[in-house]
Amino acid sequence: MEKIAVIGAGTMGNGIAHVFAQNGFQVNLIDISQASLDRGLSTISKNLDRMLAKDAIDEAKKEETLSNITTFTSLEEGVSEVQLVIEAATENLDIKLKIFKDLDQTCKAGTILATNTSSISITQIAAATKRPEKVIGMHFMNPVPIMKLVEIIRGYSTSDEVTQTIMELSKKLGKIPTEVNDYPGFVANRILMPMINESIETLYNGVAGVEEIDTVMKLGMAHPMGPLQLADFIGLDVCLSILNVMYDGFKNPKYAPCPLLVNMVMAGKLGVKSEEGFYDYSESKKAEKVSSQFK
């Protein structure tokens, strides 16, 4: 496998493209807007500069990585000659089903179709195609160039051959692939999101403040960042979407999103991306200042 396509030039998509390109793969990065592609390439370049500053790579490796990436605004052109497509579009079922239906009609018969979804059923996505045995989940962690884990999710019909191919491919990227089965939230978010949701409930119920909750989890549980800070980093809209997927999938009230989370998303307080969530990021991207609504 030498040539892959990544659909979506946002945070996850450009990170996935970066990692493949840095490891010698030819990458077609696809998005509907050239402006999004330009922002994605700019992010990759800045991340490579950080690695350069730490002597993790040299200038030649940076240039080689960037030269391995070609951008496309046409899905058909971008996927026509690749052996693997990784979809990293918005975490929205309807959008993903449309993309996979189009991919199935456009890609060569042997092309593997992967999704970076963090919670949506691989089996359901695969059902939009006529090649469900070649559809698989590759859930990378953010930030992709740094985080080692890749959750490899088998759909109901995913073949052993495709699973093994993707497991080995992930190792070639310097990642540690972990195979899991297809249930809402998989493993990472099935465990993480209820913890984040319970942290929001704890705040909502007035048990403790934002900094206090995060401090307890950082110092008491040795977490690198507190759950409320992590929620801001992930995006509160993304957290809400994942919780809704699990709540709909399991019909279990323990996955029901906290009303405070719902209200914050409706109010546009999404975390780092909107400059305010549980913390105020208007002056710094670090979680140093608690949002005024929680003081």
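Within the 4.5 Å cutoff, the side chain of K172 has no heavy atoms near those of the M1 side chain. Under the 4.5 Å side-chain criterion, counting only non-hydrogen atoms from C-beta, P184 is in contact with F250. You'll find the side chain of V245 stays beyond 4.5 Å of the side chain of E91, heavy atoms only. Between M225 and D214, every side-chain heavy-atom pair lies at or beyond the 4.5 Å cut-off. Between I95 and I99, the closest side-chain pair of non-hydrogen atoms falls below 4.5 Å. Put simply, the side chain of E201 reaches to within 4.5 Å of the side chain of P259, judged on heavy atoms. You'll find the side chain of M51 reaches within 4.5 Å of the side chain of H18, heavy atoms only. Taking 4.5 Å as the limit, some side-chain heavy atom of E151 sits within range of a side-chain heavy atom of V187.
For the pair S33 (side chain) and S36 (backbone), a donor-acceptor distance under 3.5 Å is present. Side-chain N or O atoms of N116 include none that pairs as donor or acceptor with a backbone N or O of A88 at under 3.5 Å. In this structure, T111 contributes its side chain and V82 its backbone to a donor-acceptor pair below 3.5 Å. Formation of a donor-acceptor pair under 3.5 Å by the Q83 side chain with backbone atoms of E2 is found in this model. No donor-acceptor distance shorter than 3.5 angstrom exists from the side chain of N142 to the backbone of T11, with no hydrogens or angles considered. With hydrogens and angles ignored, the 3.5 Å screen pairs a side-chain donor or acceptor of D58 with a backbone N or O of K61. Within the 3.5 Å criterion, the main-chain N or O of V19 finds a donor-acceptor partner in the side chain of N23. Within the 3.5 Å criterion, the main-chain N or O of C258 finds a donor-acceptor partner in the side chain of N197. Looking at T123, its side chain does come within 3.5 Å of a backbone N or O of Y156 through a donor-acceptor pair. Using modelled atom types, no side-chain atom of D104 and backbone atom of T129 make a donor-acceptor pair closer than 3.5 Å.
At a cut-off of 3.5 Å, with distance as the only test, no side-chain donor of Q22 or T65 sits close to an acceptor on the other residue. Side-chain atoms of R39 and S42 include no donor-acceptor pair closer than 3.5 Å. Checked by atom type, the side-chain pair Q34/D38 shows a donor-acceptor distance below 3.5 Å. The closest side-chain donor-acceptor pair between S119 and N189, if any, does not fall under 3.5 angstrom.
Between A231 and F278 the shortest heavy-atom distance is CB-CE1, 4.3 Å. Shown here for S118 and H139, the closest heavy-atom pair between the two residues is CB-NE2, 3.3 Å. Considering every non-hydrogen atom in both N68 and A21, the closest pair reads ND2-O, 2.9 Å. Closest approach of A9 to N14, counting heavy atoms only: O-ND2, 3.3 Å. A pairwise comparison of heavy atoms in L29 and A17 identifies CD1-CB, 4.1 Å as the closest pair. P177 and I152 get closest at one heavy-atom pair: CB-CG1, 3.8 Å.
By the 4.0 Å N-to-carboxylate-O rule, K98 lies too far from D94 to be salt-bridged with it. Using a cutoff of 4.0 Å between basic side-chain nitrogens and carboxylate oxygens, E81 and K3 are not scored as salt-bridged.
Atoms CD and NZ, on E275 and K285 in that order, are 5.0 Å from each other to the nearest 0.5 Å. Separation of atoms CG (L230) and CE (M193) is listed at 7.0 Å; rounding is to 0.5 Å. M167 contributes atom CE, which lies 11.5 Å from atom OG1 of T165 (distance to the nearest 0.5 angstrom). We find the NZ-NZ distance between K148 and K175 to be 6.5 Å, quoted to the nearest 0.5 Å. T115 contributes atom OG1, which lies 4.5 Å from atom CZ of F100 (distance to the nearest 0.5 angstrom). Considering OG of S74 and CG of N28, their distance stands at 10.5 Å, rounded to 0.5 Å.
Within a 6.0 Å radius of NZ in K286, no more than 12 heavy atoms belonging to other residues, nucleotides or ligands are found. When the shell of 6.0 Å around OH of Y247 is examined, it contains 12 or fewer heavy atoms from other residues, nucleotides or ligands. More than 12 heavy atoms of other residues, nucleotides or ligands lie within 6.0 Å of CD in E212, so this atom counts as buried by the packing criterion. Under a cut-off of 6.0 angstrom, the local environment of OH in Y183 is sparse, with at most 12 non-hydrogen atoms contributed by other residues, nucleotides or ligands. Atom CG of L149 is surrounded by more than 12 heavy atoms from other residues, nucleotides or ligands within 6.0 Å. Within 6.0 Å of atom CD in E283, 12 or fewer heavy atoms from other residues, nucleotides or ligands are found, so the atom counts as exposed in its surroundings.
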**Prompt:** When you look at Q26 and I4, which way does the side-chain contact (heavy atoms from CB on, under 4.5 Å) test go after all the steps?
**Reply:** CA-CA 6 Å; Q26 295 298 309; I4 71 131; over 6 Å; no

**Request:** Walk me through it: do M195 and M221 pass the test side-chain contact (heavy atoms from CB on, under 4.5 Å)?
**Result:** CA-CA 12 Å; M195 183 192 75; M221 314 304 164; over 6 Å; no

**Message:** Using side-chain contact (heavy atoms from CB on, under 4.5 Å), reason through K273 and D237 one step at a time and then give a plain yes or no.
**Reply:** CA-CA 10 Å; K273 70 174 87 174; D237 53 338; 3.0 Å; yes

**Message:** Before you tell me yes or no, could you show the steps for M138 and S170 under side-chain contact (heavy atoms from CB on, under 4.5 Å), namely the whole-Å CA-CA distance, both residues' side-chain angles and the distance that decides it to 0.1 Å?
**Reply:** CA-CA 9 Å; M138 289 185 79; S170 300; 3.6 Å; yes

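By the criterion of side-chain heavy atoms lying less than 4.5 angstrom apart, applied directly or through intervening Ile, Leu, Val, Met, Phe, Trp or Tyr residues, M12 is grouped together with V6 in one hydrophobic cluster. Residues F20 and L37 share a hydrophobic cluster, clusters being chains of Ile/Leu/Val/Met/Phe/Trp/Tyr side chains in contact below 4.5 Å. If you chain together hydrophobic residues whose side chains sit under 4.5 Å apart, I7 and V135 fall into the same group. Residues I196 and Y204 share a hydrophobic cluster, clusters being chains of Ile/Leu/Val/Met/Phe/Trp/Tyr side chains in contact below 4.5 Å. At a threshold of 4.5 Å between side-chain heavy atoms, the hydrophobic network of Ile, Leu, Val, Met, Phe, Trp and Tyr places I234 and V265 in one connected group.
Each of E133, E161, E179 was scored for a salt bridge (Lys or Arg N to Asp or Glu O under 4.0 Å) with R154, with one residue passing: E179. A side-chain contact (heavy atoms from CB on, under 4.5 Å) with L228 is found for one member of I200, T202, L236 and no other, namely I200.
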